[in-house]
There are 2 protein chains.
Amino acid sequence: MNRRNTPTKEAVLNLLMNSRKALSQDAIERQLDIEINRATIYRVLNRFCEDGIVHKIVAEDGKQYFAICKKCENPQEVIQPHFHFRCLSCDTIECLQVPVECSVPNGYEVQNANCVLTGTCNDCS
Amino acid sequence: MNRRNTPTKEAVLNLLMNSRKALSQDAIERQLDIEINRATIYRVLNRFCEDGIVHKIVAEDGKQYFAICKKCENPQEVIQPHFHFRCLSCDTIECLQVPVECSVPNGYEVQNANCVLTGTCNDCS
DNA sequence: GTATTATTGCAACTTATTCGCAATAAAATA
DNA sequence: TATTTTATTGCGAATAAGTTGCAATAATAC
């Protein structure tokens, strides 16, 4: 299951790298110069997730958003679960540099976290 | 827009009251004794949300789950944003008594929070 | 008892995501 | 460089969750 380099893969990765925000499939499709099939975009994104290059956020609208896994200070470091902010006005999602800290009852084991705050961002308020 | 009491409404409310967990539409439909149309269940649930009787959680699977708004200690008190736990093993969601606390950058305004941890609950681990 | 209108069921629709399959094209190999 | 292998792509169809329009029904008010 070796990964191959394709124009599609590169285009999507570049877009995500240059975006400060998490993007949905349709946003990616809209912003791309080249035309890429819907299903392909999903497959590329899911592969990125498997490889730990990208993380997925599911928002209140039930849609999936994808963002590059990096910490501003130290891009190498493994990504920590963190909060996200979804602006209802400009309909974007961005990573907040706030780690999710939540103690769970005994015997519970946390594997993942999906935390999204919604409201209005600075640009829109 | 006055609300009316109907068998449907009561059945759904009773189910939610007696459940320690947040339920999805299909779970509700399955657990109900009487047969209620899918669309109707959604409409009843959304009305409950409007009335502040129930709150909605969107999980990583993109599905909506509904839970009674109450605090164990003080059922009267207005509900605070809190974390939820979704067990991947028994596919249930429950409210954790842990408030969501997350400071956002200047100029950001938070209206709502949707925070779900996933993993294995005590019963399943 | 009658009138008003909130609620329901049904069917159709929308939207997001996935899947099967054949065609294409990276990368490995000869 | 030519050939082989198989990951990737595009297409169309399928799935699944949730919503909506509309006519019929049934709470509630009068």
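Any value given below was found using the heavy atoms of this structure, including those in side chains, with hydrogens, waters and symmetry copies removed. Since we're looking at a predicted model, the values are computed, not measured. So you know, we letter chains A, B, ... as the sequences are listed, proteins then strands, and number each from 1.
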Closest contact, heavy atoms only, A:E29 versus A:Q25 | OE1-NE2, 2.6 Å
Heavy-atom closest pair, residues A:A113 and B:L117 | CB-CD2, 3.6 Å
Rounded distance in Å - CG (A:D61) to C1' (C:dT15) = 11 Å
Output for pair (B:H55 NE2, B:N114 CG), nearest 0.5 Å, gives 9.5 Å
Roughly how many Å is it from NZ in A:K63 to C1' in C:dT17, rounded to a whole number?
-> 12 Å
Quick one: side-chain hydrogen bond (donor to acceptor under 3.5 Å, both in side chains) partners of A:R30, sequence neighbours excluded?
-> A:D26
Can you list, pair by pair, the side-chain donor-acceptor contacts under 3.5 Å of residues 32-45 of chain A, counting residues two or more places apart and other chains?
| from | atom 1 | to | atom 2 | distance (Å) |
| --- | --- | --- | --- | --- |
| A:N37 | OD1 | A:A39 | N | 2.8 |

The answer to which of A:T8 and B:D26 contacts DNA chain D further toward the 5' end, by nearest nucleotide, is A:T8
Can the ring centroids of B:F85 and A:Y108 be said to lie less than 6.0 angstrom from one another?
-> yes
Taking every non-hydrogen atom, the tightest pair across B:A59 and B:Y65 | CB-CE1, 3.8 Å
State whether A:S24 places a side-chain N or O below 4.0 Å from either non-bridging phosphate oxygen (OP1 or OP2) of C:dA16.
-> no
Students should find that the end-to-end axis angle of the helix from C:dG1-D:dC30 to C:dA30-D:dT1, with five pairs defining each axis and rounding to 10 degrees, is 30°
CD/B:E60 to NZ/A:K56 distance, rounded to the nearest 0.5 angstrom?
-> 8.0 Å
To the nearest angstrom, the CG-C1' distance between A:N5 and C:dA25 comes to 13 Å
Looking only at heavy atoms, which two atoms of A:C121 and A:C90 are closest? And how far apart?
-> SG-SG, 4.0 Å
d(A:L96 CG, A:I93 CD1) to nearest 0.5 Å is 10.5 Å
Could you state the NZ-P distance from A:K9 to D:dT9, rounded to the nearest angstrom?
-> 9 Å
Check nucleotides 28-30 of chain C against the protein and report each pair of N or O atoms closer than 3.5 Å, with its distance, or say if there are none.
none

Rounded to whole angstroms, how far apart are CD on B:Q25 and P on D:dG18?
-> 7 Å
Straight-line distance of A:N112 CG to B:T118 OG1, nearest 0.5 Å = 4.5 Å
Is A:V54 reachable from A:I28 through a run of hydrophobic residues whose side-chain heavy atoms are each under 4.5 Å from the next?
-> yes
Does anything in residues 29-60 of chain A reach DNA chain C, meaning a heavy atom under 4.0 Å, and if so which residues?
-> A:R38, A:A39, A:Y42, A:R43, A:N46
Can you check whether A:R3 has a side-chain N or O nearer than 4.0 Å to OP1 or OP2 of D:dA7?
-> no
Whole angstrom value for the distance that separates P of D:dA16 from CD of B:Q64 | 17 Å
Got a second to check how far A:I68's CD1 is from A:S19's OG, nearest 0.5 Å?
-> 9.0 Å
Between SG on residue B:C115 and CD on residue B:E101, distance to nearest 0.5 Å | 11.5 Å
Within residues 11-23 of chain B, residues whose heavy atoms come under 4.0 Å of DNA chain C | none
Taking atom C1' of D:dA17 as reference, at what distance in whole Å does atom CD1 of B:I28 sit?
-> 14 Å
